[in-house]
Amino acid sequence: METKVIKIDRKNIEQKDFEEAARILRSGGLVAFPTETVYGLGGNALDPSASQKIYAAKGRPSDNPLIVHIAEVSDMEKLGTDIPKEAYALAGRFWPGPMTMILKKKDIVPKETTGGLDTVAVRLPSDMIARTLIKVSGVFIAAPSANSSGRPSPTTAEHVIEDLSGKIDMIIDGGHCDIGLESSIIDLSGDKPLILRPGFITAEDFKNVVGDAEYDKAVIAKKADKNIVAKAPGMKYKHYAPKGQITIVEGTREHVAEKIAALYEEGIRSGKKCAVMISEENSGLYGDIKKYLIGKRSDPITIASHLFDTLRLLDEDGAELIFSESFDGLNLSEAIMNRLRKAAGYSIINTEE
Ligand code: TXA
Ligand code: MG
């Protein structure tokens with residue numbers, strides 16, 4: 001299949017530019033599009049065969065449910081049932097935006113979209129390209145991240161082209177995503193709110209609205225533990241993995257730099273292609289070695305938005321051993337470190353122990 005790529009100018013969003021994409025979605029085809037978090041691979045959420053096509057294009061296990069993107073807060077009532085008052089409070093505070101809520105589903109949502117579950121994930125994105133696409137197409141759009149399963153999530157249209165060109169009908173290029181990490185997921189289908197995936201909206205933010213919200217233990221774990229199974233099916237897979245092996249080094253700034261430099265030397269001596277992933281502030285501590293500057297600690301969104309780009313770049317450059325600073329203690333640390341720990345397969349060295 002030939003994949004058409006169209007570019008949309010964010011300064012001048014016109015409905016007519018979305019008509020072809022809307023036709024594709026209405027007739028059961030697939031369109032990748034930008035959101036404020038990452039690019040999504042969209043299909044009609046109420047059409048089981050469109051959902052099956054999404055799984056096939058990504059090479060994703062079909063027990064891993066999709067997020068349904070909506071255009072109005074009231075749309076959640078068309079998809080969900082027994083909606084608790086917390087859902088309305090959270091929607092009022094964080095939608096449109098990078099939050100996904102899990103609700104009990106209505107019968108119109110096919111099991112193909114929810115990976116066989118009785119619940120549905122809904123999200124009202126703030127990105128104007130995403131919102132215009134949902135509105136013009138008139139369908140609810142099921143959209144996982146638009147990467148091949150197991151690769152870092154895409155934050156540019158080029159990443160989507162790399163992974164999915166030839167497998168889907170269209171890609172809408174809207175430039176680099178602002179946040180660069182997937183939405184925060186909160187499950188409201190149980191007795192109390194449970195955060196299934198950390199994101200730009202933090203546990204603190206959630207608690208400020210609903211009082212009591214806890215993390216699913218698996219998502220803040222520092223080690224892989226067979227006895228703790230993530231509640232969001234997708235969180236249990238080894239995700240976001242680059243081809244090289246990442247080791248995260250924790251500790252004081254100076255100790256981390258010393259340890260990383262030593263590991264780098266050792267890796268080079270054993271004939272491996274090595275790289276270090278660090279913050280801009282610490283660049284001066286590492287001397288003359290191959291550095292990937294991910295962003296600024298003083299502005300953590302720069303680290304969040306470049307994490308996946310940097311992982312892809314490390315692959316392109318053929319890095320075999322990657323030594324990364326830890327990005328703990330920042331306001332987006334939970335979201336950033338959840339992805340980085342998984343990408344590292346939980347290989348973490350603490351210099352202070
Ligand atoms: O930011 C985002 O959420 C992006 C953009 C495109 O909106 N989408 C995204 O989708 O990250 P995906 O499919 O890559 O991740 C969805 C996550 C998976 O971990 C999945 O298991 C979980 O949401 N999920 C979806 N429906 C669920 C449900 N009913 N119960 C529990 N977890 C669910
Ligand atoms: Mg994903």
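Whatever order the structure lists ligands and atoms in, that order sets their numbers, starting from 1.
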Region of [X] that comes within reach of ligand 1 [heavy atoms, distance under 4.0 Å]:
X    : answer
S183 : both
T114 : neither
D187 : neither

For [atom], the option (of [options]) bearing the nearest heavy atom:
atom                   : options         : result
atom 4 (C) of ligand 1 : V38, V122, I141 : V38
atom 1 (O) of ligand 1 : I54, V120, T37  : T37
atom 8 (N) of ligand 1 : A142, G40, A143 : A143

Would [X] count as being in polar contact with ligand 1, using the rule that some N or O on each side must be under 3.5 angstrom apart?
X    : result
E182 : no
R197 : yes
Y39  : no
T35  : no
K58  : no

*Partner set under salt bridge (charged side-chain N to carboxylate O under 4.0 Å, His left out) for D75, not counting sequence neighbours*: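 D75 satisfies salt bridge (charged side-chain N to carboxylate O under 4.0 Å, His left out) with K78 once adjacent residues are dropped.
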At less than 4.0 angstrom from any non-hydrogen atom of [X], what atoms of ligand 1 do you find?
X    : result
I67  : 3 (O), 8 (N), 9 (C), 10 (O), 16 (C)
P65  : 20 (C), 21 (O), 24 (N), 25 (C), 26 (N), 27 (C), 28 (C), 33 (C)
H69  : 5 (C), 6 (C), 7 (O)
L117 : 28 (C), 29 (N), 30 (N)
T119 : 28 (C), 29 (N), 30 (N)
I185 : 17 (C), 22 (C), 23 (O)
R60  : 12 (P), 13 (O), 14 (O)

*Run the salt-bridge test on K53 and D47 with the 4.0 Å N-O cut-off and return the result as yes or no.*
no
_For F94 and F206, take the angle between the two ring planes, folded into 0 to 90°, and tell me which bin it lands in: parallel under 30, tilted 30 to 60, perpendicular over 60._
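Aromatic pair F94/F206 classed perpendicular.
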*asked:* Could you tell me if the side chain of H159 sits less than 4.5 Å from the side chain of V38, heavy atoms only?
replied: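 A side-chain contact under 4.5 Å is absent here.
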*Please say which of E325, E281, E280 ends up in a salt bridge (charged side-chain N to carboxylate O under 4.0 Å, His left out) with R297.*
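Only one of E325, E281, E280 forms a salt bridge (charged side-chain N to carboxylate O under 4.0 Å, His left out) with R297, namely E325.
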*Could you check R312, K58, R60 and say which one makes a salt bridge (charged side-chain N to carboxylate O under 4.0 Å, His left out) with D163?*
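When salt bridge (charged side-chain N to carboxylate O under 4.0 Å, His left out) is applied between D163 and each of R312, K58, R60, only R312 qualifies.
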*For S126, which residues count as a side chain to side chain donor-acceptor pair (under 3.5 Å) partner, sequence neighbours excluded?*
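Once residues adjacent in sequence are excluded, the partners of S126 under the side chain to side chain donor-acceptor pair (under 3.5 Å) criterion are E36.
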*Can you tell me how far the CG atom of N350 sits from the OG atom of S326, to the nearest 0.5 Å?*
9.0 Å
*Is the distance from the Mg ion (ligand 2) to some N, O or S atom of S145 under 2.8 Å?*
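Yes.
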_Could you go through T100 and R197, starting from their C-alpha distance and side-chain angles, then the distance that decides it, and tell me whether this counts as side chain to side chain donor-acceptor pair (under 3.5 Å)?_
CA-CA 9 Å; T100 296; R197 182 168 72 182; 5.0 Å; no
*Spell out, as yes or no, whether a donor-acceptor pair under 3.5 Å connects the side chain of D63 to the backbone of G115.*
no
*Centres of the H306 and H176 rings: under 6.0 Å?*
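So the answer is yes for these two rings.
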_For a quick test of reading the model, state the closest non-hydrogen atom pair linking M170 to A21 and the distance between them._
SD-CB, 3.6 Å
